[in-house]
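First the structure, in the form of structure tokens, and then the observations on it.
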Amino acid sequence: MRVRMSRRTAIPVVAMVLAGSLAACGQEAKGGSRYHPDSAKDNTIGIAMPTKSSERWILDGENMAGQFEKAGYKTDLQYGDNKVENQVAQLENMIAKGYRLLVIAAIDGRALTDVLGRAHDAGIRVISYDRLILGTPYVDYYASFDNERCGRVEGQYIVDKLRLGKPDKNAEKKYNIELFAGSPDDNNTKYFWNGSMKVLKPYLDSGQLVVRSRQTRLNQTEILRWDGGTAQKRMDDLLTKNYGEQDVDAVLSPYDGLSIGILSALKSAGYGTKGHPLPIVTGSDAELASVKSIIRGEQTQTVFKDTRKLAKVAVQMGNAMLTGKKPEVNNTTDYDNGKRVVPAYLLTPGSVDRSNTDLLVRTGYFKKGQLS
Ligand code: GAL
């Protein structure tokens, strides 16, 4: 049985060990909370986000910090630069400072078992943000989008756009598709993949969709840490080896950052002209660069995940926990992290293509001027 130390006992020990690593790991901090023993009793929420290289996490972090502060909390927002050891060190420091709650979008969902054991010992509550943290019972709640649905939305977009299964002149036509998946250390990856495959599989099985590279398994299509450059290289390679004579008609991409890399490879290979149009390229997150690309007619679609709403869910959960109330959840069955089924609140994502980018302006997600 785990011995539950009081915060008073736990903090100074951990703080001494970790005081040095705080400066060493080059954190990007917001909120200005320096370590101070008295802060152990303060009202700070530690927010650990994976990277600033993707706009969405910047918005997620800012939205959460703003909303928690409005609700009367202090915040300490940290970005791990996509390095697991940075994120672990940042969390260790947050524990050492005696924060009340950690909200974490994990870089590697399996790498936080030890550090969350220490958070638990210190009586700190944990919300898993967007990505489910695996292999530890010490995750209180999960706030995310319906990840399987995100994948389905992307797959269905391709099916509809190619008019697969429609009784018209295209009914017999075969289309070439290539498949991309997310990072193998992100639990969302398999949900996205399963959702997309649910929709695409009948057409892959019937042969109406053809993957010329034959890379149809999840582990052949994953892109470590969702890196756009890696996606670009893979797409370059797929085009060189498989598309000498034929064109690719659709590319399944689960994230805008990958889609940008994929589009660069396609354009380098001569796609994107009147005579040689780009294939359908999906995405997700409605990041500004991709929305502009959609408006220009390059990327075809993205999945809109309103980070303001996700932040609101996390703040609702955190505030409820810290005031002795029960957070609102809408899923208590599907998100088993290997140690417990984590109660979740899942938001519904929407599809955005050239026909409805104004939705992003109408809902105030972007200003009109940003999209032109
Ligand atoms: C996933 C998230 C996606 C995308 C990706 C890369 O965890 O669900 O929407 O943001 O990370 O950042």
Side-chain angles (χ1 to χ4, degrees), residues 48-64 79-84 87 103-112 127-134 139 142-155 157 180-196 218 221-232 252-262 281-291 299 301-311 313-314 331 334-335 337 342 344-352 360 365:
M49 295 288 108
T51 175
K52 278 188 171 172
S53 69
S54 158
E55 173 190 273
R56 72 150 293 177
W57 300 115
I58 298 176
L59 296 178
D60 285 285
E62 283 172 356
N63 290 331
M64 258 189 291
Y79 286 85
D81 198 19
N82 261 344
K83 296 191 181 77
V84 176
Q87 187 163 64
V103 183
I104 308 167
I107 294 168
D108 178 338
R110 293 195 175 276
L112 302 180
I127 295 173
S128 192
Y129 186 85
D130 194 76
R131 303 169 170 176
L132 185 63
I133 299 169
L134 304 172
V139 179
Y142 178 44
S144 190
F145 289 87
D146 180 337
N147 292 302
E148 206 255 356
R149 192 185 180 122
C150 293
R152 258 190 290 137
V153 167
E154 289 153 5
Y157 190 87
F180 281 73
S183 190
D185 51 13
D186 184 337
N187 186 60
N188 290 349
T189 291
K190 69 169 192 288
Y191 284 84
F192 295 156
W193 178 261
N194 290 343
S196 296
L218 175 58
T221 57
E222 284 166 331
I223 301 291
L224 185 65
R225 302 277 145 78
W226 303 91
D227 181 62
T230 311
Q232 181 171 350
L252 173 75
S253 164
Y255 162 54
D256 288 349
L258 303 187
S259 317
I260 287 180
I262 291 164
V281 179
T282 62
S284 101
D285 289 7
E287 294 202 323
L288 184 57
S290 285
V291 175
Q299 187 170 321
Q301 180 260 6
T302 187
V303 175
F304 176 37
K305 300 177 172 180
D306 192 331
T307 53
R308 295 167 302 185
K309 291 192 178 156
L310 188 56
V313 171
N331 186 305
D334 292 346
Y335 286 88
N337 80 346
V342 184
Y345 194 100
L346 305 177
L347 292 165
T348 305
S351 186
V352 167
L360 302 168
Y365 202 65

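Just so you know, ligand 1 is whichever comes first in the structure, and atom 1 is the first atom listed for that ligand. Counting from 1, the numbers follow the sequence of the chain as shown.
Gln299 and Ser290 share a side-chain donor-acceptor pair at under 3.5 Å.
The pair Asp306-Arg308 meets the salt-bridge criterion, with a side-chain N (NZ, NE, NH1 or NH2) lying under 4.0 Å from an Asp/Glu carboxylate O. Arg225 and Asp185 are joined by a salt bridge, as a carboxylate oxygen and a charged side-chain nitrogen come within less than 4.0 angstrom of each other.
Residues satisfying the side-chain contact (heavy atoms from CB on, under 4.5 Å) test with Asn331, not counting sequence neighbours, are Thr333, Asp334, Tyr335, Ala344, Leu346. In this structure Glu222 satisfies the salt bridge (charged side-chain N to carboxylate O under 4.0 Å, His left out) test with no other residue, sequence neighbours excluded. Residues passing the side chain to side chain donor-acceptor pair (under 3.5 Å) test with Thr302, sequence neighbours excluded: Asp256.
Protein residues having at least one heavy atom under 4.0 Å from any atom of ligand 1 are Arg56, Trp57, Asp130, Arg131, Asp186, Asn188, Phe192, Trp226, Tyr255, Ser284, Asp285, Lys305, listed by chain and number.
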